[in-house]
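Okay, so here's the structure we're looking at.
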Amino acid sequence: MTVSTTAAAATQNRFIPTARLYVWLGLGFLIPLGLSWMPGSRVEVQWAMMGLYDAIILAIASWDYRQALQWQIELTRSCEAKLSIGRENAIELGLQVLAHPANTRSTALQLQDGIPTEFRCDTDVLSIQDLSSEQPIQLTYRLWPPRRGHFSWTSAHLRLPSPWGLVLRQWQVSANTEVEVYPDLIGLRQLSIRLSLDATGNLQRRHRVGGTEFAELREYTVGDDVRLINWKATARRQQPIVRVLEPEREQPLLILLDQGRLMTAQVAGLSRFDWALNATLSLALAGLRRGDQVGVAVFDKTIQHWIAPQPGLSHLSRLMDVLHALEPNRSESDYSGVAAQILNQYTRRALVVVLTDIVDEIASEDLLMAMGRLSPRFLPFCVALRDPQVDAQAHRPLEMAPTPPSNAVQQLYTQAVALDLLHQRRLAFAKLQAQGSLVLDAPAPLVSEALVAQYLRTKMRGRL
């Protein structure tokens, strides 16, 4: 859905002198200077002549400004009603000249849109060298929202030079545009297209990978698993026939999204919770596309939001409605308590994905115990969102240029700490794997893609 706002009424016009005007006014000082060399010239007359000259220049500038006031420009702003957090979102501006001075048909123009102050934009000022009355102008700029929520554009500021270039006319037009910043909708659309292409264009490859549920019979092709040959059908048709298997559908997928203290940390410009929320919706879309039942639980000390598993792509809209406005908090997450709640209220075997973060084996002891409690009944899957800055520090090459000893020691210390953090995480993940859990430790910006890929592999291998 796209929202469009149009504004034409100008408000708060400002008269801004240009350097050219100051130069012409400064030339007035040459009048008394020149008259002072004339015999009998009086000082009063000299200054009066300069004042008259400056008054004429200001009158011309005033007339020039009135010419600039005759420009009437209509501004149209268009964008998606729901922007994606942390993504490049395109904003389109349309400019149409409604009126202009009789002796001028084009002008230069500078435009600064009134974007929300928190947004990062690729350009502060948009410049047009030739705004003509003959055809409208289309401009596009891009911005990156840093958080979810409701935002609005209030106005846009425009500036154009007068015909003689003595002044600049600056004004603003009210153009209110209301938008909501959601999780990564752009990423979801791209994932949906990728999954559709995979389902239609790569069926043969997927069937060769395997599955657990019979789909159909077809002729044998080079590369098929000979163990899938159906010998009765082969005997009847006098040619090799293989069974096509596909992953089982209607399997439950439970996603547990941590909303506690660990998820408040900022990673690569967004909170860890925002990255996890994007991954949750991506995984939910992949699961619903594969015909599974997807449920989501958001927890800290206890389960705060529970959405029961349901199949069908329409279920994604309900997940979005519930999840898009949630924020992390400072509470310590009770993993064992949440695991007990899941065990009590859901009895069917399911893939249980926990999106959180792991510090080390000691600090994450409660999480490791909770994953162990889930493993007898469910297939637990622990997903941790790693800070890519820690990776960069751990694998940063030592500087070869001479540095002060204190800087070299600091660099070595920072690298040692980063390496130790990664080592402690690996030990915790090794313990989870020993308990029978699936694990994924991915940089936060890449976790959505990695999580969907591992989920699809798990489905193909029939792990559940």
Side-chain angles (χ1 to χ4, degrees), residues 85-86 146-149 181-184 252-284 294-309 318-346 350-375 377-378 380-387 425 428-429 431-432 435 437-442 444 447-448 451:
I85 186 173
R147 64 180 180 87
R148 289 169 286 113
V181 176
Y182 267 57
D184 188 8
L253 168 61
L254 302 182
I255 307 173
L256 308 186
L257 176 58
D258 190 356
Q259 196 182 12
R261 179 183 59 82
L262 287 176
M263 308 303 282
T264 62
Q266 291 290 311
V267 178
L270 300 180
S271 72
R272 188 174 269 116
F273 181 79
D274 281 318
W275 293 117
L277 180 55
N278 290 340
T280 296
L281 294 172
S282 295
L283 179 58
V294 179
V296 176
V298 184
F299 69 94
D300 43 48
K301 293 181 179 179
T302 185
I303 294 178
Q304 301 294 341
H305 302 275
W306 167 253
I307 307 171
R318 186 186 174 206
L319 295 177
M320 184 71 73
D321 291 340
V322 175
L323 301 177
H324 83 273
L326 299 183
E327 296 291 345
N329 55 60
R330 295 289 179 179
S331 301
E332 290 292 341
S333 299
D334 182 3
Y335 301 102
S336 296
V338 170
Q341 287 183 268
I342 295 295
L343 288 168
N344 288 335
Q345 71 183 70
Y346 203 81
L351 174 63
V352 179
V353 181
V354 181
L355 286 111
T356 183
D357 192 36
I358 286 180
V359 180
D360 55 39
E361 197 172 345
I362 297 175
S364 303
E365 182 180 7
D366 186 40
L367 172 62
L368 271 61
M369 292 177 58
M371 299 299 289
R373 294 184 63 184
L374 292 172
S375 60
R377 183 185 302 174
F378 305 119
F381 185 1
C382 182
V383 181
L385 292 82
R386 195 169 70 248
D387 189 343
R425 288 173 70 93
F429 277 108
K431 187 170 183 178
L432 282 172
Q435 296 175 174
S437 298
L438 301 177
V439 298
L440 174 63
D441 185 21
V447 69
S448 295
L451 177 56

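Residues Thr302 and Asp334 have side chains not in contact (no heavy-atom distance under 4.5 Å, counting atoms from C-beta outward). Side-chain contact between Val353 and Leu253 is present, with heavy atoms from C-beta onward closer than 4.5 Å. A heavy-atom distance below 4.5 Å is found between the side chains of Phe378 and Ile342. Here the side chains of Thr356 and Ser333 are not in contact, with every heavy-atom distance at 4.5 Å or above. Side chains of Val296 and His305 form no contact here, defined as non-hydrogen atoms less than 4.5 Å apart. Side chains of Leu277 and Leu326 form no contact here, defined as non-hydrogen atoms less than 4.5 Å apart. Side chains of Leu262 and Val359 form a contact here, defined as non-hydrogen atoms less than 4.5 Å apart.
Contacts of Thr280 classified as side chain to side chain donor-acceptor pair (under 3.5 Å), with partners at least two apart in sequence or in another chain: none. With sequence neighbours excluded, no residue satisfies ring-ring contact (aromatic ring centres under 6.0 Å, His included) with Phe381. Taking Arg147 as the reference, Glu118 meet the side chain to side chain donor-acceptor pair (under 3.5 Å) condition, with sequence neighbours excluded. By the side chain to side chain contact (heavy atoms under 4.5 Å, CB included) test, Asp184 pairs with Ser84, Arg87, Ile186, Asn278, sequence neighbours left out. Under the rule for a salt bridge (Lys or Arg N to Asp or Glu O under 4.0 Å), the partners of Arg148 that lie at least two apart in sequence or sit in another chain are Asp274, Glu327.
Electrostatic pairing of Arg425 and Asp357 counts as a salt bridge here, judged by a charged N lying under 4.0 Å from a carboxylate O.
Formation of a donor-acceptor pair under 3.5 Å by the Arg272 side chain with backbone atoms of Leu385 is found in this model.
Nearest heavy atom pair, residue Cys382 against residue Ile358, reads SG-CD1, 3.8 Å.
Applying the ring pair (Phe, Tyr, Trp, His ring centres under 6.0 Å) test to every pair with at least one member in residues 258-281, sequence neighbours left out, gives no pairs at all.
How far CD1 of Ile85 is from OH of Tyr182: 13.0 Å, rounded to the nearest 0.5 Å.
For Gln266, the CD atom sits in a packed shell: over 12 heavy atoms of surrounding residues, nucleotides or ligands are nearer than 6.0 Å.
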Quiz item: Taking it one step at a time, do Tyr335 and Leu368 satisfy side chain to side chain contact (heavy atoms under 4.5 Å, CB included)?
Solution: CA-CA 9 Å; Tyr335 301 102; Leu368 271 61; over 6 Å; no

